[in-house]
A.B. asks: 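The following block contains the structure, expressed as structure tokens.
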There are 2 protein chains.
Amino acid sequence: MVQKPTLETVAKLAGVSIPTVSQALRGTGRISEETRRKVVSAAQQLHYLTDQKAASMRSGENREVGFVINQLSNPFNAEVISGVVDLLEAEGYLVSILDTRDDANRQRQQLESFIRHGRGGLLWVPTVGTDDTTYSLLRAHRVPTVTFLRNVSPSFDHVGIRNAEATYQATQHLINLGHKTVAYLGGTQMTLVRRDRISGYQKCLSDNSLCRPLVWDSEDTRLEGLNSMNTLLKAHPEISAIVCNGDMVALGACLALQRIGLVPGREVSVVGFDDIQDAEAATPRLTTMAVSPVKLGRKLAQVLLARIREPDMPVTVSEVSAELLIRETTGPSQNAVAS
Amino acid sequence: MVQKPTLETVAKLAGVSIPTVSQALRGTGRISEETRRKVVSAAQQLHYLTDQKAASMRSGENREVGFVINQLSNPFNAEVISGVVDLLEAEGYLVSILDTRDDANRQRQQLESFIRHGRGGLLWVPTVGTDDTTYSLLRAHRVPTVTFLRNVSPSFDHVGIRNAEATYQATQHLINLGHKTVAYLGGTQMTLVRRDRISGYQKCLSDNSLCRPLVWDSEDTRLEGLNSMNTLLKAHPEISAIVCNGDMVALGACLALQRIGLVPGREVSVVGFDDIQDAEAATPRLTTMAVSPVKLGRKLAQVLLARIREPDMPVTVSEVSAELLIRETTGPSQNAVAS
DNA sequence: TTACCTTGATATAACGTTATAGCATATGTC
DNA sequence: GACATATGCTATAACGTTATATCAAGGTAA
């Protein structure tokens, strides 16, 4: 145990050659049952574990993939990761997670490091401000890549959410409840995701002949949601409902309402996005657009596996629909009742 | 660009030998300024990136480390990870994160995979129920290892929190406010961390001649905190204050109180543990035992680096103190005022 | 018998690096 | 001018695997 066990050590102990050991352990080639047993027992005795660095260097195969994500602390992301990891680990892959914290420089560093270490696949939520050289870097090194949520380039497979459809549905729900002044709260930059969500919100307003779209920025945390809602209410006290870019923002917004004595779902209605665990636990329980993070994670894993196995298959784009989950933070407009 | 660039490709383009390229790019050996420039330009032209698998195989050096953690979705952990990653990435390391979700089997799989892939270092929150063979696996393969939070084995370096001291302080704070019936809420199994925290709580009670320790289980999520607090209140309506095993539980407990019309900090006082972002954002703002996750993360990274550089140094144990942050969820006992 | 196939193993080369040693050529010293 | 030393580069081997080719021994068919 003083020396790292290698094929050579095992071979010596079993009294056979190195290739024999390699084949016996992997079940390839023509090895008699008897020597196979000898080899396996020797390997166990020495606690031998294949050195994958050496193996993958020779064989080209590589069961290490990475998930480069924009915000690890977001519980929705954490749940997606669970789904991905479950499926890929079952297939013998090692999934490692990198957090860019939406910093393009950090992301660049991480991806270069990623390529240098020769990972066999990439699941990727591209940072805001990712530039073209990053895409060509990945293409040049032939990294099988699936983008997630942010569909930034037609050369990569993609798995995402039907964002415009979802916010349209959320907005329509509020309008059906009689709300006339519906604002959009959340996001800070014009990512594709946010653009799509806002466009669904706007289209719904105009389809219903309500023509005052109002979009307000906020980081995707409870704290920022609280602060932004405060400023929004000060600037536009007339709004009676909001569609949020994420549950964390929505929960923060509910807190803001409660602090000034308003009840979410009575004076002001709130719709979230994601259906994280806390949405159900909050008081009042949050109405939200639910997407199953585990289902998304599985889909992601499946697409990546397909791409790894068939590098030349045509690029695929998969989008899953969100589902409106009506809980307690949405209710009939007070104005509508009054009029 | 059709072929993966290697030292050979670069050497051919620059018109020099392979070792020359290797040395020129790393700045070792004796290379003239002129050829160095030639080589660097050729490398850039081909988008050459060192294949670390091959490099580390030959040189033995390995700048890949892993952080094997028990619960990725916990925001406190996410913040610790940030601290670790900041420091290690600056030193040229690639940090990848694995989530055991506190499942010993999964953890075993992940660690074996981890070793096979030859990682150069490990930061580790061991799962509940980790058995001895796992420790010896890590020792046998000489993986530089630092345990975090759960100090399970004297053969690894450790970074953790002064848990008993912290809960003692929290409990004393409640007692000073006049509370006589203080319960402990959170955790599900007898991990070392929880044992230490409970012992601090108990010692404080007995030091103050209050002899009714009451410990109640709960998973470390808001939802479970809510449910557990409900059952606790039903079983023991007399309690006037609780010390919690984590902020998530504490926030859930506050929700439970609010649902039945009680105000945290008035009828029942609540102290959390961790000081996650939401502790400040909650209504009312959560009193908690604060440990700086970023500071912990940095410490972790430093200890690991030291261990990697000096594999034979004596084992170190570092513990940081938590600090009582008094906010709004703790207040004078109503009984004390009445009597 | 000769020719051919099957079985069970091994020898050898290769993956892309880096460490070591070696070999010219230029520079300095006495 | 002879010798030592410094400079700049290259040849070679090695890291631990796996892929390919090869080889000996035994079995089968004509």
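In what follows, every chain begins at residue 1, and chains take the letters A, B, ... in the order their sequences are listed.
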A.B. asks: So if I take the C1' atoms of five pairs at each end of the helix from C:dT1-D:dA30 to C:dC30-D:dG1 and get each local axis, what angle do the two axes make, rounded to 10 degrees?
C.D. replies: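 So the angle between the two local helix axes works out to 60°.
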A.B. asks: Nearest whole Å is fine: how far is C:dA9 P from A:Glu34 CD?
C.D. replies: 8 Å
A.B. asks: Give the rounded distance in Å between these two atoms: CG of A:Asn62 and C1' of D:dT17.
C.D. replies: 14 Å
A.B. asks: For A:Leu49 and for B:Arg36, locate the closest nucleotide of DNA chain D by heavy-atom distance; then report the residue assigned to the nucleotide nearer the 5' terminus.
C.D. replies: B:Arg36
A.B. asks: Which protein N or O atoms sit under 3.5 Å from an N or O of nucleotides 18-21 of chain C?
C.D. replies:
residue	atom	partner	partner atom	Å
C:dT18	OP2	B:Ser22	OG	2.4
C:dT18	O2	B:Arg58	NH1	2.7
C:dA19	OP2	B:Arg26	NH1	3.2

A.B. asks: Check whether any side-chain N or O of B:Ser113 sits under 3.5 Å from a backbone N or O of B:Gln109 as a donor-acceptor pair, and report yes or no.
C.D. replies: no
A.B. asks: Rounded to whole angstroms, how far apart are CD on A:Glu8 and P on D:dT17?
C.D. replies: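 Roughly 10 Å, once rounded to whole Å.
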A.B. asks: Keeping A:His158 on the side-chain end and A:Val317 on the backbone end, is there a donor-acceptor pair under 3.5 Å?
C.D. replies: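 No, A:His158 side chain to A:Val317 backbone: no donor-acceptor pair under 3.5 Å.
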A.B. asks: For B:Met57 and C:dT17, give me the distance from atom CE to atom C1', rounded to whole Å.
C.D. replies: 9 Å
A.B. asks: Strictly distance-based, threshold 3.5 Å: is any side-chain N or O of B:Arg307 a donor or acceptor partner for the main-chain N or O of B:Met313?
C.D. replies: yes
A.B. asks: Atom CD1 of B:Ile115 to atom P of D:dG16: distance rounded to whole Å?
C.D. replies: 16 Å
A.B. asks: Rounded to the Å, how far apart are B:His117 NE2 and D:dT17 P?
C.D. replies: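 From B:His117 NE2 to D:dT17 P: 13 Å.
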A.B. asks: Atom NZ of A:Lys4 to atom C1' of D:dC15: distance rounded to whole Å?
C.D. replies: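 Rounding to the nearest Å, NZ of A:Lys4 and C1' of D:dC15 are 9 Å apart.
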A.B. asks: Base, sugar-phosphate or nothing for B:Thr20? Non-hydrogen atoms, less than 4.0 Å.
C.D. replies: base
A.B. asks: For B:Glu33 and D:dG8, what is the distance between atoms CD and C1' respectively, to the nearest whole Å?
C.D. replies: 13 Å
A.B. asks: Donor-acceptor check, side chain of B:Ser155 to backbone of B:Ser153, threshold 3.5 angstrom: yes or no?
C.D. replies: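 Between the backbone of B:Ser153 and the side chain of B:Ser155 there is no qualifying donor-acceptor contact (under 3.5 Å).
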A.B. asks: Using modelled atom types and a 3.5 Å cut-off, is there a donor and acceptor pairing between side-chain atoms of B:Arg116 and backbone atoms of A:Thr50?
C.D. replies: no
A.B. asks: Take A:Asp86 and B:Arg101 through the test salt bridge (Lys or Arg N to Asp or Glu O under 4.0 Å) and record every step on the way to the result.
C.D. replies: CA-CA 11 Å; A:Asp86 280 348; B:Arg101 279 179 273 159; 2.8 Å; yes
A.B. asks: Is a side-chain N or O of B:Gln23 found less than 3.5 angstrom from the main chain of B:Gly29, in a donor-acceptor match?
C.D. replies: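 Absent.
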A.B. asks: With the side chain of B:Ser32 defined as its heavy atoms from C-beta on, choose the nearest nucleotide among C:dG16, D:dG8, C:dA9.
C.D. replies: D:dG8
A.B. asks: Output yes when a side-chain donor or acceptor of B:Arg63 lies under 3.5 Å from a complementary backbone atom of B:Glu91, and no otherwise.
C.D. replies: yes
A.B. asks: side-chain hydrogen bond (donor to acceptor under 3.5 Å, both in side chains) between A:Thr6 and A:Thr9: does it pass, once the steps are laid out?
C.D. replies: CA-CA 5 Å; A:Thr6 68; A:Thr9 340; 3.1 Å; yes
